[in-house]
Protein chains: 2
Amino acid sequence: MTDKKLIGVDLGGTTIKFAILTPEGEIQQKWSVETNVLDEGSHIVPDIIESINHHLDIYNMKPEQFIGIGMGTPGTIDRDKGTVVGAYNLNWKTTQKIKEQIEQGTGMKFALDNDANVAALGEQWKGAGNSAKDVTFVTLGTGVGGGVIVDGKLVHGLGAGGELGHINVEPGGLACTCGNNGCLESYASATGVVRVARKMAEQFAGDSQLKQMLDDGDDISSKIVFDLAKENDVLALMVVDRVCYYLGLALANIGSMLNPTYIVIGGGVSAAGDFLLTRVDKYFKNFAFPTVKTSTKLKLAELGNEAGVIGAASLALRFAD
Amino acid sequence: MTDKKLIGVDLGGTTIKFAILTPEGEIQQKWSVETNVLDEGSHIVPDIIESINHHLDIYNMKPEQFIGIGMGTPGTIDRDKGTVVGAYNLNWKTTQKIKEQIEQGTGMKFALDNDANVAALGEQWKGAGNSAKDVTFVTLGTGVGGGVIVDGKLVHGLGAGGELGHINVEPGGLACTCGNNGCLESYASATGVVRVARKMAEQFAGDSQLKQMLDDGDDISSKIVFDLAKENDVLALMVVDRVCYYLGLALANIGSMLNPTYIVIGGGVSAAGDFLLTRVDKYFKNFAFPTVKTSTKLKLAELGNEAGVIGAASLALRFAD
């Protein structure tokens, strides 16, 4: 294989992460800068260009030594044109011609995809996905996102492929930001877990620290719910069970549809680890088609924050000769 | 393109359909023979070989004039080895070395896949799928099957990809032959529609011919339910609404996952036509992610019985130089 390198960029609302990787996906250098969302996010792309060029100087490297740059970003993406629109946490309200600017500013080829898709690629390539060709990744963060990889490639369909947070798991259930009711995201995101807790607390009368905290108006997080559940708080255990039920149902339906080698669970809520995984797996096995439950494996994500830059870098592999 | 031809074979429990097609998918000749399931189905493969060779004689053609043979079959398939096991409606209880026998017996290359997958390929290539790269096909027959096509290729995953009949639409619902409860197949197959009718009739007290027929012990079919609904039978309309609700929910979840260009509905139950389609579409739009409901289109299948031979023939395109 070539000894040219890849650059991966993971653009988030708080920080922009960068990495230089080998074509085999090993990180050789990494750094990050703060995201400057002022002035309608107009500094972001120039900052990315400057940071890349600056670090090439530091490492005494030239654009010709790179296969290309790949980037993951929030917002609605036109992959062919290399543009993004509507990334509200970046203050990008108008169409951003990212590919054009970055290719011009760095002299390197550039590809982009959305942040959840790129994290999916990272986990599939170098993380829990173990380079299997069929991997579905679901990320439980502020929202629930995901990426579906079939035969080694992301499924985009007409653009919205991988919207796993909007699988309907409870028709007529909790209202979702998307306008529907009963989406997985309303139950299994970090905020969803808290909503489920509030809802179940209303009808709960027993002895529970979680109930107490909610009644006292304390700030509750998904982490607090899982931590209390691990300490056998009765209400917290009920909440976790409900959340895992919905996750297990959604993942079982993904399984019956695609029968991937792995379904990988990442994002903040997945920090609950095996405590979460074993409970989700119980419901997955309850709902999945028989040959799916014995073949598709659920796993926790392994790369943490690095999934983004690694997966983003892999987008640039298409430019390899 | 080459002027070599394709042969498509659609193996069913009652008949075996054959066709000779151009590489562009136009049927030039077709015929069929009865399926002889006697003696553990041991006559089936020899019959297929003999029928192909006989028709090549009739048309004065030679194996060298063909790209290859593709076949759709029930049962559990090993696509690499070209074997099938457990096709109970063919009386195949042991592993059948189909590829080996047919290649030897005809002197042509051979590929196979399961019957629902092959029908999906047919509809995607020459039917309602309009050659779009991302098409999901769901067939509502005795059971509910399907095929998921991404980037022009069938999704198999670890083998059970496309088991759309076992998407869970009602946790704890009607028992399915697969051992789970609440699978789409239990509600939206031809037998499922009748089960829903029986169940809803129990609690129905109004004026309805369907109710009358069920109470009288008449033979009820999915067609009768839909026909009565079209005549505004109150109970039949409720049954159709329930069936379409479950179908719309399942198809919406497929949409949010894959955002295909088309989701194509085929099989016997789909003979209800637009009466079915508009009702499923209503629920699809109720449950799908906003950008999915405005992009993915639901369509009725267009090829009828020919989807199988056409899709099967397309399997052989891999042998084209």
Side-chain angles (χ1 to χ4, degrees), chain A residues 76 132-136 146 148-151 153-172 176 178-185 245-246 248-250 252-262 283 285-297, chain B residues 76 132-136 146 148-151 153-172 176 178-185 245-246 248-250 252-262 283 285-297:
Chain A
T76 302
K133 290 194 157 194
D134 298 321
V135 174
T136 298
V148 177
I149 296 163
V150 167
D151 204 16
K153 281 184 290 192
L154 281 166
V155 176
H156 292 98
L158 293 168
E163 285 292 353
L164 307 183
H166 301 280
I167 294 174
N168 200 303
V169 291
E170 183 69 72
C176 182
C178 79
N180 292 342
N181 289 273
C183 296
L184 178 64
E185 174 163 305
Y245 164 90
Y246 288 123
L249 174 61
N253 285 344
I254 292 170
S256 299
M257 226 170 274
L258 304 171
N259 195 16
T261 307
Y262 302 109
Y283 286 110
K285 290 203 160 61
N286 192 34
F287 292 124
F289 186 65
T291 62
V292 170
K293 63 182 97 177
T294 56
S295 57
T296 293
K297 297 260 176 307
Chain B
T76 302
K133 291 196 157 192
D134 297 319
V135 174
T136 298
V148 177
I149 295 162
V150 166
D151 203 16
K153 282 184 290 192
L154 281 167
V155 175
H156 292 97
L158 293 168
E163 284 293 355
L164 307 183
H166 302 280
I167 293 174
N168 200 304
V169 291
E170 183 69 72
C176 182
C178 80
N180 292 343
N181 288 274
C183 294
L184 177 64
E185 175 162 304
Y245 163 90
Y246 288 123
L249 174 62
N253 285 344
I254 292 170
S256 300
M257 225 170 278
L258 303 171
N259 195 17
T261 307
Y262 303 110
Y283 287 110
K285 289 202 161 58
N286 191 35
F287 291 125
F289 186 64
T291 62
V292 170
K293 63 182 96 176
T294 57
S295 57
T296 293
K297 298 259 177 304

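Lettering of chains follows the sequences in order, A, B, ..., and the numbering in each one begins at 1.
Heavy atoms of B/Ala160 lying under 4.5 Å from chain A belong to its backbone as well as its side chain. If you measure heavy-atom distances from B/Leu249 to chain A, the contacts under 4.5 Å come from the side chain alone. Heavy atoms closer than 4.5 Å to chain A are found nowhere in B/Ala132, neither backbone nor side chain. Only the backbone of B/Pro260 comes within contact range of chain A, judged by heavy atoms closer than 4.5 Å. No part of B/Lys133 comes within reach of chain A, as not one of its non-hydrogen atoms sits under 4.5 angstrom from that chain.
Shown here for A/Pro290 and B/Cys178, the closest heavy-atom pair between the two residues is CG-O, 3.2 Å.
Taking B/Cys183, B/Ala250, B/Gly146, B/Gly162 one by one and counting their heavy-atom pairs under 4.5 Å with chain A, the maximum is reached by B/Gly162. Most heavy-atom pairs under 4.5 Å with chain A: of the set B/Asp151, B/Asn253, B/Thr261, this distinction falls to B/Asn253. Here B/Ile167 is the residue among B/Asn286, B/Thr76, B/Ile167, B/Thr291 with the most heavy-atom pairs under 4.5 Å with chain A.
Checking each of B/Val150, B/Val148, B/Asp134 against A/Val155 for a side-chain contact (heavy atoms from CB on, under 4.5 Å) leaves exactly one that passes, namely B/Val150.
To the nearest 0.5 angstrom, B/Leu158 atom CG is 4.5 Å from A/Asn259 atom CG. Rounding to the nearest 0.5 Å places CG of B/Leu164 at 11.0 Å from CZ of A/Phe289. Going from atom OG of A/Ser256 over to atom CG of B/Asn180 covers 7.5 Å, rounded to the nearest 0.5 Å.
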